[in-house]
Structure formats: C-alpha cells, structure tokens
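Each remark here refers to the structure printed beneath this line.
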Number of protein chains: 2
Amino acid sequence: MFPVKELDLRATEVYPGTQAVARAIALLKAFNDAQPEWTLNDLAQATGLNKTTAFRLLSALEAERLVMRNPLSGGYRLGVELIAMGSAAMRANPLRAMSRPVLVTLAEQTGEAATLEVLVEDYVLVIDEAPGSNPMGMTQDVGHRLPVHATATGKILLAALPEAELAQRLAEPLLALTDRTITDPEQLRSELARVRQEGLAIAVGELEPGFTAVAAAVQDRERQVVAAISIGGPSVRLTPERLPAVAAMVQMSARQISRQLGYWPG
Amino acid sequence: MFPVKELDLRATEVYPGTQAVARAIALLKAFNDAQPEWTLNDLAQATGLNKTTAFRLLSALEAERLVMRNPLSGGYRLGVELIAMGSAAMRANPLRAMSRPVLVTLAEQTGEAATLEVLVEDYVLVIDEAPGSNPMGMTQDVGHRLPVHATATGKILLAALPEAELAQRLAEPLLALTDRTITDPEQLRSELARVRQEGLAIAVGELEPGFTAVAAAVQDRERQVVAAISIGGPSVRLTPERLPAVAAMVQMSARQISRQLGYWPG
DNA sequence: GTATTATAAATCATAATATGAAACGACTAC
DNA sequence: GTAGTCGTTTCATATTATGATTTATAATAC
C-alpha cells in the first residue's frame with residue numbers, strides 16, 4: 001500500500017550552543033498525567049540535572065508562566081502559559097486545519113468519534129478529534145499521548161517507518177494495556193506487514209477493553225506517511241459486521257486529506 | 001466586595017543565568033493567531049534577537065518539536081509537542097480540576113456556556129469551558145486569550161489589582177472591539193469601582209456585538225482573586241430581565257469554588 | 001543568461017553567561 | 001537537641017552562548 005523509506009535515522013546531533021534551552025525543555029517534558037507535580041529534587045534527579053541548574057531553569061520557566069508552583073506544597077506544575085501556547089499550536093497546525101472538515105464529515109457519517117494523530121517521539125499524539133453523534137463518545141482526547149503498538153493509528157504510523165527505526169522501537173518492551181494488546185515484537189511485525197499490504201489498521205480491545213478503532217494513513221506529496229486518521233468507539237457498536245464499511249469510509253477520508261496535501265495515487 | 005492589595009508590582013528582575021531560556025520563550029510567545037508563521041528574519045526582528053541567535057534557539061526548539069517548519073515556505077510554526085504539553089498543563093491545573101463540576105452545573109442550570117478564566121500578562125486566559133445546552137454555544141474557547149477591558153471576567157480581575165498595577169495597565173490604549181467597548185480609562189475606572197462594590201461584572205456587546213457575559217470572582221484562602229468565572233451567550237437570550245437571576249447563579253458558583261480553595265466569607 | 005536581492009545556514013573568536021560545588025536557612029522527624 | 005530533607009543563595013570557574021562575518025541557497029529582476 002505505501003512504501004517504506006530505508007535508513008533515515010536522523011542524526012540526533014545536538015546543535016551547539018543550546019544546552020540550556022534543551023535542558024529547560026527536558027524539564028517541561030518530565031511532567032505528565034502520572035506525575036503532574038514534582039519536587040525540585042525529584043525533578044533534578046529525573047532529568048539528571050544539577051539541583052541548582054534545575055532550580056535556575058525552573059525559575060526562568062516560572063517567570064514566564066510555563067511552570068507554576070503549588071502554593072501549598074511548593075511543588076512544580078506546568079503553567080497556564082502552556083495552555084495558551086498549546087491552543088495556539090493547535091490552531092496553527094496546517095494538517096489539522098486541512099483535515100478538520102473531512103474529519104467532521106467522517107464522524108457524522110459513522111456516528112463515531114474521528115481522530116487525527118501523528119507520531120511524536122515514542123507516542124502517538126492526538127491532534128484533532130471530531131466527536132461522534134452518539135453519546136458516550138464525549139472523550140476529549142486532543143493532546144493525549146497514546147502508545148503506538150496498542151492503537152490502530154500507531155500501527156499505521158509504525159508500518160511506514162524505515163526498518164532501522166522500527167527495529168529500534170521494537171527493541172523496547174511492548175507494554176500490555178489489556179489482555180489483547182500485542183506484546184510480542186514478532187507478532188507485531190507480521191501485523192505491520194498486513195497493515196502495510198492492506199493500508200488499514202484495526203485495534204480491537206488492544207488499548208482498552210471494549211474499545212475498537214480503525215485507522216488509515218495520510219500521505220503527503222512525497223508519499224510520506226505524515227499522519228493517521230481513525231474512527232473509534234465501543235466494540236459493541238463497531239462490530240465485525242460493521243467494520244468493513246467503516247474501514248472503507250476511513251480509507252476514503254484519508255485519501256481525501258492526502259490529496260489535499262498534494263498526494264497523487266498510482 | 002473584595003479588598004484590593006496595594007503596591008505589589010513584582011520585581012521583574014531577570015534571574016541571572018537564564019538569558020537563553022528567556023529568549024527561547026520570547027520566541028515561542030511571538031506566535032499567535034494573527035501571525036502563526038514567521039520567517040527567521042521577521043522573528044529575529046520582532047523579538048530583538050540577533051538573527052544567528054534566533055536561528056540557533058529555534059533549531060533547539062525544532063529538535064524538541066516545540067516548533068516546526070513549513071516544508072513549503074520554510075517558515076516557523078508552533079510544533080506538535082506544545083499541543084501535548086498544553087493539554088497536560090490543562091489537566092494538571094488544580095484550579096481547573098476544582099472548578100470543573102461547579103462550572104458544568106452552572107452551564108446546565110443556565111443553559112449557557114460557562115468559563116473559568118485567569119489573568120496572564122496582558123490578557124485574560126480561558127482555562128476551562130463547559131458548553132451550554134443550547135446550540136450556537138459550541139465555541140471551543142479554552143486556551144484563547146481575551147482582552148481584559150472588554151470582557152466581564154477581565155473587569156473582575158482588573159478590579160482586584162493593586163492601584164499601581166492597574167494604573168500601569170490603563171496607561172496602554174484600550175482597543176475598541178465593538179462600538180460598546182469601554183475605551184476611556186476614566187470610564188473604565190468607574191466601572192471597576194462598581195464591579196468592586198457589587199462583586200459582579202457584566203459586559204454587553206463589548207467584546208463582540210450581540211454577546212453578553214456576566215462574571216464573578218474566585219478567591220483563595222488569602223482572599224486573593226485568583227480567577228473569574230462567567231456565563232456568556234447571545235444577548236437575545238441573556239436579556240436585561242434574565243441577567244439578575246443568571247448573575248446570582250454565577251456569584252453562587254464563584255463562592256462555591258472559592259470555599260473549596262479555603263476562602264471563608266465574612 | 002547574469003545580476004541582484006533576500007533569506008537561511010555555517011564559521012569562529014570572544015567573553016558573557018550558564019554552571020555546579022558548597023554553604024545557608026527553614027522545616028520536619030525522631 | 002540532633003540529624004535529615006528540601007529549597008534557595010552565593011560565587012569562582014570555564015563552558016557555553018553569542019553575534020559579526022562569511023558562505024550557501026533560492027527567488028526575482030533584468
């Protein structure tokens with residue numbers, strides 16, 4: 001379905017003269033849903049920074065409101081300025097702007113939630129979501145990071161990676177989120193082969209029990225897979241009988257967005 | 001209604017050893033809805049940075065995905081990592097977490113959209129929104145920056161500022177967004193006096209024509225005004241006859257959140 | 001086709017800036 | 001009372017960021 005680029009492992013060379021900025025960003029990236037608040041010491045330890053350095057960088061981030069202190073505990077949290085920046089980043093994202101109408105239509109046609117996701121570092125990031133018309137689809141998932149190996153979109157994006165990078169990722173253990181999550185690298189490899197051939201990925205109860213998703217690839221003018229779109233909903237509604245029809249709609253929508261990006265099939 | 005703290009102009013002293021980080025953040029802050037994409041030169045000029053320095057900092061930000069390049073134009077845009085961080089910042093915000101149930105109830109009771117907003121630098125930032133039950137309330141405003149002088153929430157937050165800081169802000173020209181926007185500093189001052197006394201702010205068609213909002217203050221255990229909540233909707237629904245009842249509900253909700261923060265009336 | 005302009009990227013000597021060890025002060029636990 | 005933990009400040013040091021200049025690249029004009 002889509003070609004796989006070979007050997008592109010981008011040089012992770014750090015640009016000289018950017019140590020302080022890189023470190024500040026590392027501090028920001030330490031915050032997540034599992035640990036939204038950090039003490040200075042823990043954060044310094046987690047990022048491998050000297051306590052003084054972490055303190056100084058955090059002070060700078062705090063002055064700009066990218067980080068805030070909990071007045072009671074003194075702990076650090078992400079600040080309000082990031083909410084504004086994130087929202088601006090969302091609105092400025094060209095891929096999102098292009099996909100939005102298609103995504104909304106897809107959600108209407110299927111009645112299920114449609115998402116647009118991209119690969120960011122180790123995770124799949126939801127950059128847009130059109131809610132399904134049915135209730136119980138009110139999950140506001142935009143901005144969430146999801147594991148690549150347990151999502152339909154993640155499989156699509158993994159399937160398009162050059163072999164070298166894929167191997168690197170499969171070297172890490174695959175976390176079982178449900179009893180249906182694929183945790184065996186070899187099994188995932190053959191799944192990805194199927195995805196590549198069919199241009200379609202499915203995940204039934206692999207992310208969370210009772211949740212099914214179907215995804216397809218969005219490609220740009222250079223035929224690069226730049227994103228994946230999906231339809232997701234309760235497995236009781238997205239039944240094996242209904243899936244083929246939904247999948248076809250997802251694929252059509254993905255092709256529609258790809259065409260807007262200058263992709264030309266054939 | 002609520003006391004005004006005197007003379008607190010926080011020292012804008014820059015912490016030594018944080019120049020690079022401060023500059024990098026300044027670059028990020030340059031991006032907004034009006035100008036979501038920048039060329040290197042323009043951005044360097046706008047931030048007052050040397051072109052080389054701007055380039056180097058942007059490279060660091062790009063490597064961490066806080067900034068991305070438009071492959072066609074080569075221009076800089078905010079990157080996807082900020083979407084993830086902003087979303088995490090939202091979920092980690094304690095004020096938002098506390099207010100959410102109250103906000104949802106308020107929106108249900110009134111049928112109009114309820115928001116939670118804080119003062120960030122020159123703007124009011126929407127950090128949460130519970131949609132109204134009526135259609136035409138589907139504005140997803142979270143993350144948006146709104147002008148202080150033309151919003152009900154902004155007036156609430158301005159009214160609580162120490163005189164010195166207020167004077168500083170009123171020195172800047174007040175932009176007219178509609179023909180009803182208050183642009184005269186003295187008029188705004190007397191409006192703020194009224195807001196202070198009544199503990200309530202109203203804006204009818206001051207932000208955009210046909211949009212009305214009512215806001216009240218959220219105070220913490222030290223009686224500091226830390227946020228404002230509001231109900232907003234079309235002026236044809238939020239009529240002068242209906243406003244007092246809605247205002248009372250907004251005030252009750254604000255007090256409810258304040259109490260959760262440890263505020264004790266009296 | 002060459003010249004011109006604008007913009008981005010690379011180079012590198014310089015010193016300004018970030019760094020981290022050490023010390024301090026404020027709490028808390030025992 | 002003592003020891004331990006945590007955040008903050010100080011300060012000498014050299015590592016790291018800086019920016020003038022150069023080179024590369026692309027777009028536009030002539």
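All values below come from the heavy atoms of this structure, side chains included, with hydrogens, waters and symmetry mates left out. This is a predicted model, so every value here is computed, not measured. Each chain gets a letter, A, B and so on, in the order the sequences are listed, and its residues count up from 1.
Closest to the side chain of B:Thr53, out of C:dT19, D:dT18, D:dT9, is D:dT18.
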Evaluate the criterion side-chain contact (heavy atoms from CB on, under 4.5 Å) for residue pair A:Val80 and A:Leu66; output intermediate values, then yes/no. CA-CA 6 Å; A:Val80 286; A:Leu66 298 209; over 6 Å; no
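By the side chain to side chain donor-acceptor pair (under 3.5 Å) test, A:Glu37 is found to be paired with A:Asn70, A:Ser73, A:Arg77, residues two or more places apart in sequence or in another chain being considered. For B:Ser230, the side chain to side chain donor-acceptor pair (under 3.5 Å) partners are B:Thr115, not counting sequence neighbours. For A:Gln260, there are no side chain to side chain donor-acceptor pair (under 3.5 Å) partners at least two apart in sequence or on another chain. Partners of A:Arg221 under the salt bridge (charged side-chain N to carboxylate O under 4.0 Å, His left out) rule, at least two apart in sequence or in another chain, do not exist in this structure. Every side chain to side chain donor-acceptor pair (under 3.5 Å) that A:Asp128 has, sequence neighbours left out, goes to A:Arg96, A:Arg100. Taking B:Asp33 as the reference, A:Arg91 meet the salt bridge (charged side-chain N to carboxylate O under 4.0 Å, His left out) condition, with sequence neighbours excluded. The salt bridge (charged side-chain N to carboxylate O under 4.0 Å, His left out) check on A:Arg23 picks up nothing, with sequence neighbours excluded. Residues that satisfy the salt bridge (charged side-chain N to carboxylate O under 4.0 Å, His left out) test with A:Glu121, not counting sequence neighbours, are A:Lys29.
Within residues 34-43 of chain A, the residues approaching DNA chain D are A:Thr39, A:Leu40, A:Asn41, by heavy-atom distance under 4.0 Å. Taken residue by residue, residues 71-81 of chain A places heavy atoms nearer than 4.0 Å to DNA chain D at A:Tyr76.
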Contact list (N/O, under 3.5 angstrom) for nucleotides 20-25 of chain D vs protein:
| residue | atom | partner | partner atom | Å |
| --- | --- | --- | --- | --- |
| D:dA20 | OP2 | B:Asn50 | ND2 | 3.0 |
| D:dA20 | N6 | B:Thr52 | OG1 | 3.1 |

Would you tabulate the nitrogen or oxygen pairs shorter than 3.5 Å linking the protein to nucleotides 13-17 of chain C?
| residue | atom | partner | partner atom | Å |
| --- | --- | --- | --- | --- |
| C:dT17 | OP1 | B:Gln19 | NE2 | 3.0 |

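In this structure, the CG atom of A:Leu57 is 12 Å from the C1' atom of C:dG20, given to the nearest Å. The CG atom of B:Leu61 sits 13 Å away from the P atom of D:dA17 (whole-angstrom rounding). Rounded to a whole Å, the CZ atom of A:Arg56 is 15 Å from the P atom of D:dC11. Atom CG in A:Leu58 sits about 10 Å away from atom P in D:dG7, given to the nearest Å. Straight-line distance from the CG atom of B:Leu49 to the C1' atom of C:dA8: 16 Å, rounded to whole Å.
In B:Gln45, the CD atom is not crowded: 12 or fewer heavy atoms of neighbouring residues, nucleotides or ligands sit closer than 6.0 Å.
Taking the nucleotide of DNA chain D with the nearest heavy atom to each of A:Arg69 and A:Val21, the more 5' of the two is matched to A:Arg69.
Looking only at atom types and distance, the side chain of B:Asn41 has no donor-acceptor partner in the side chain of B:Thr39 under 3.5 Å away.
Contact annotation: the side chain of B:Asp141 approaches that of B:His144 to within less than 4.5 Å [non-hydrogen atoms, C-beta and beyond]. B:Leu175 has its side chain out of reach of B:Pro147: every pair of non-hydrogen atoms, C-beta onward, lies at least 4.5 Å apart.
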